[in-house]
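One structure below.
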2 protein chains.
Amino acid sequence: MANIQEVARKAGVSSATVSRVLNNTTAVSSTTRIKVEKAIEELKYAPSMLGRNLRNSESRLLLVLIHTFSNPYYTEIINGIEDYSIANGYNILLCETDSNASRETTFLNMVKNKLADGMISMNPTVDLEKLTGLAEKHPIILCSDYYETMEIPYVAIDNEAAAYKAVKHLIKLGHEKIAFINFDERILYARQRRKGYERALNEFNIPIQDQWIYNSQGLEFHNGVQAMRKFLQLEEKPTAVFAVSDTLAIGALKETNERGLNVPDDMAVVGFDNISFSNMTNPTLTTVSQPMYNMGYKAAEMLIDSIKGQPVESVIMDYELVMRESTIN
Amino acid sequence: MANIQEVARKAGVSSATVSRVLNNTTAVSSTTRIKVEKAIEELKYAPSMLGRNLRNSESRLLLVLIHTFSNPYYTEIINGIEDYSIANGYNILLCETDSNASRETTFLNMVKNKLADGMISMNPTVDLEKLTGLAEKHPIILCSDYYETMEIPYVAIDNEAAAYKAVKHLIKLGHEKIAFINFDERILYARQRRKGYERALNEFNIPIQDQWIYNSQGLEFHNGVQAMRKFLQLEEKPTAVFAVSDTLAIGALKETNERGLNVPDDMAVVGFDNISFSNMTNPTLTTVSQPMYNMGYKAAEMLIDSIKGQPVESVIMDYELVMRESTIN
DNA sequence: ATTATATTTGTAAACGATTTCATGAAAATT
DNA sequence: AATTTTCATGAAATCGTTTACAAATATAAT
């Protein structure tokens, strides 16, 4: 594979000149430009990003850290990240940790080692100490999941208020036995959404019952199925359930249907995220809509600004309660 | 940020020695090793991938080209790609073309420019000429979508046989009015699956009717909804439908439910892929199961072998018809 | 004690671009 | 015509590694 020197030789100019026509930084006379372009063409030369990256001390790569792909929530966010990044000359290095600590370390080292110019993390189970250390030297933005104790900029929604709104919706429909499928409460949004859930119940003087709170190990469909199975085995069954993720809610919905119960009459279901599938279930799912695409887009914007040395501020985005058939006939 | 020279100076050795302890290639005496490790620690040194990559003329990055994330089919494949890649010291550069030709060109150039050591393409609407040219000089593997006329190695299933089997399943159930929701037939698998559809009908002397064949522009849920809407407007409605993607099938299923028709009694539905959702619909979806994860895993294996200079052969993987409630009570 | 061999280490040249600085040629000004 | 200014180009340094080769040191064999 030809390099810039060979092109220069063939065109009878210096490599500096070739570089100049490549990046058209400084003026180059049209005669030499043509000579160079001809040489490039003939040698089928393509400049090496490896050389360029080293010289420029940048990779123009953004590391995107997620726990798993299997939740469409993340893929929507990634869409937003990618659109902004590409439009601004960056590309995405997608990294899935799968809750694997050593993988996580590998990925964090990639930004430490300058393979990526910065990182957007949506990964909850991160090695916090390492993350803080990294954030001191490298641009990092947190998306959707963040840490109150750190000053790493983030983009998220007001989870507490959103959960409150969802649960209040159920209460307004007359429900009093409202179950809650939460995720691991080591994660901030799980704690925040629980607060919202409890605040709504408290406000209407509905006692909080531990048996109606399920802390799921994962966000897969089957976790939702399992949660609902547990609720339906109880002596005193709930009449509604609020899940912190559409995937969980859909699993719960499935299990409810399976048992021959009617949704929403026997069991109302509310999810969280508004993934595209939530509109395809039968019945369709009432859910808290997060602006996934925009969150990703904004996070990318913040990251690239940060790489360029501009200061960035955390952003709280709007959410919306989308009412569908799983709560209302 | 400290570089290898500074570490060398601090440890009182040469940069070559530092490099050696970093990569433990050659033996280094334990006393100097300790000195070096101490210096690394003190300077919080992290080797730059940029320098390393240039020197080694490799990026250890694999470009994965897809049309869109929004189909879970691809994310499952990517899971497989990522697992194999990471286990073998490579990382994934995820690139979504969104049917945008200029984006596609940008991405292909990334491998031409050595930003990636190779590419796995699952992108159907590729600039074929450019792709062939690229494949002459760079390792490329096609996954799920391939081209008969090129000798670029691929991993796929026998689409014709799989479609045949799916349609035959419907015929065996007594259906004769079987509609077909296909994708753009410029894509090989769409042509292959259509062949399978037609072969099954022919074999049972069922005439092929154009009005029951719908060529969708996309693979989103709403495309499936639209297709079914069209079928249900016909004078002579089908009693079964076979869609080339679960997303389309799920959309079709949704629309059928919406109209108050019973699945499978009034309308049987068969999908393709076996994405995880397909088991969460109501009723659950009969579908052709593709080994997505394994396909991705294998493709990554082939690509990395190819990067290492080993010859690779195309692979045809097994599929399976998963019978669920959307065709059988 | 001397030589032969094995083990560590250092020197310096890559890898392939970009860019500062200097220089020569051309154009503009006097 | 002489001087200044602008423009186009090249030489060489630089980014941060790795590694072939040479040199120095330690160990083993005589």
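Letters A, B, ... are given to chains in the order of the sequence lines, protein chains preceding strands, and every chain is numbered from 1.
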Can you tell me how far [atom2] of [N] sits from [atom1] of [X], to the nearest Å?
{"X": "B:E58", "N": "C:dG16", "atom1": "CD", "atom2": "P", "result": "13 Å"}
{"X": "A:Q5", "N": "C:dC15", "atom1": "CD", "atom2": "C1'", "result": "11 Å"}
{"X": "B:R9", "N": "C:dG10", "atom1": "CZ", "atom2": "P", "result": "14 Å"}
{"X": "B:N3", "N": "D:dT18", "atom1": "CG", "atom2": "C1'", "result": "14 Å"}
{"X": "A:L22", "N": "C:dT19", "atom1": "CG", "atom2": "P", "result": "12 Å"}
{"X": "B:N53", "N": "D:dT18", "atom1": "CG", "atom2": "P", "result": "10 Å"}
{"X": "B:I34", "N": "C:dT8", "atom1": "CD1", "atom2": "C1'", "result": "15 Å"}
{"X": "B:M49", "N": "C:dG16", "atom1": "CE", "atom2": "P", "result": "20 Å"}

Salt bridge (charged side-chain N to carboxylate O under 4.0 Å, His left out) between A:R33 and A:E37, worked out: CA-CA 6 Å; A:R33 151 161 284 121; A:E37 279 166 351; 3.8 Å; yes
Taking side chain as C-beta onward, heavy atoms only, is A:L93 less than 4.5 Å from A:L62? no
Taking side chain as C-beta onward, heavy atoms only, is A:M119 less than 4.5 Å from A:L108? yes
Hey, is the side chain of [X] poking within less than 4.0 Å of OP1 or OP2 on [N], counting only N and O atoms?
{"X": "B:S29", "N": "C:dT9", "value": "yes"}
{"X": "A:R55", "N": "D:dT14", "value": "no"}
{"X": "A:T26", "N": "D:dC7", "value": "no"}
{"X": "B:T32", "N": "C:dT9", "value": "yes"}
{"X": "B:N23", "N": "D:dT18", "value": "yes"}
{"X": "A:T17", "N": "D:dG10", "value": "yes"}
{"X": "A:S48", "N": "C:dG16", "value": "no"}
{"X": "A:R52", "N": "C:dG16", "value": "no"}

From the set [options], return the single nucleotide nearest to any side-chain atom of [X].
{"X": "A:I4", "options": "C:dA17, D:dG10, D:dT19", "answer": "C:dA17"}
{"X": "B:L54", "options": "C:dC15, D:dT18, D:dA11", "answer": "C:dC15"}
{"X": "B:A16", "options": "C:dT18, D:dT19, D:dC15", "answer": "D:dT19"}

Please figure out whether A:T25 or B:T31 has its closest DNA chain C nucleotide nearer the 5' end. B:T31
Any base atoms under 4.0 Å from A:V13, or only sugar-phosphate, or nothing? Heavy atoms, all strands. sugar-phosphate
Contact class for B:A8 vs. all strands (heavy atom < 4.0 Å): base, sugar-phosphate, or nothing? nothing
Nearest 0.5 Å, please: how far is CG in B:L94 from CD1 in A:I81? 11.0 Å
Could you check whether any side-chain N or O of B:T132 sits under 3.5 Å from a backbone N or O of B:L128, counting only pairs where one atom can act as donor and the other as acceptor? yes
Of B:Y45 and B:R20, whose closest DNA chain D nucleotide lies nearer the 5' terminus? B:Y45
Do you see a donor-acceptor pair shorter than 3.5 Å between the side chains of A:E104 and A:N123? yes
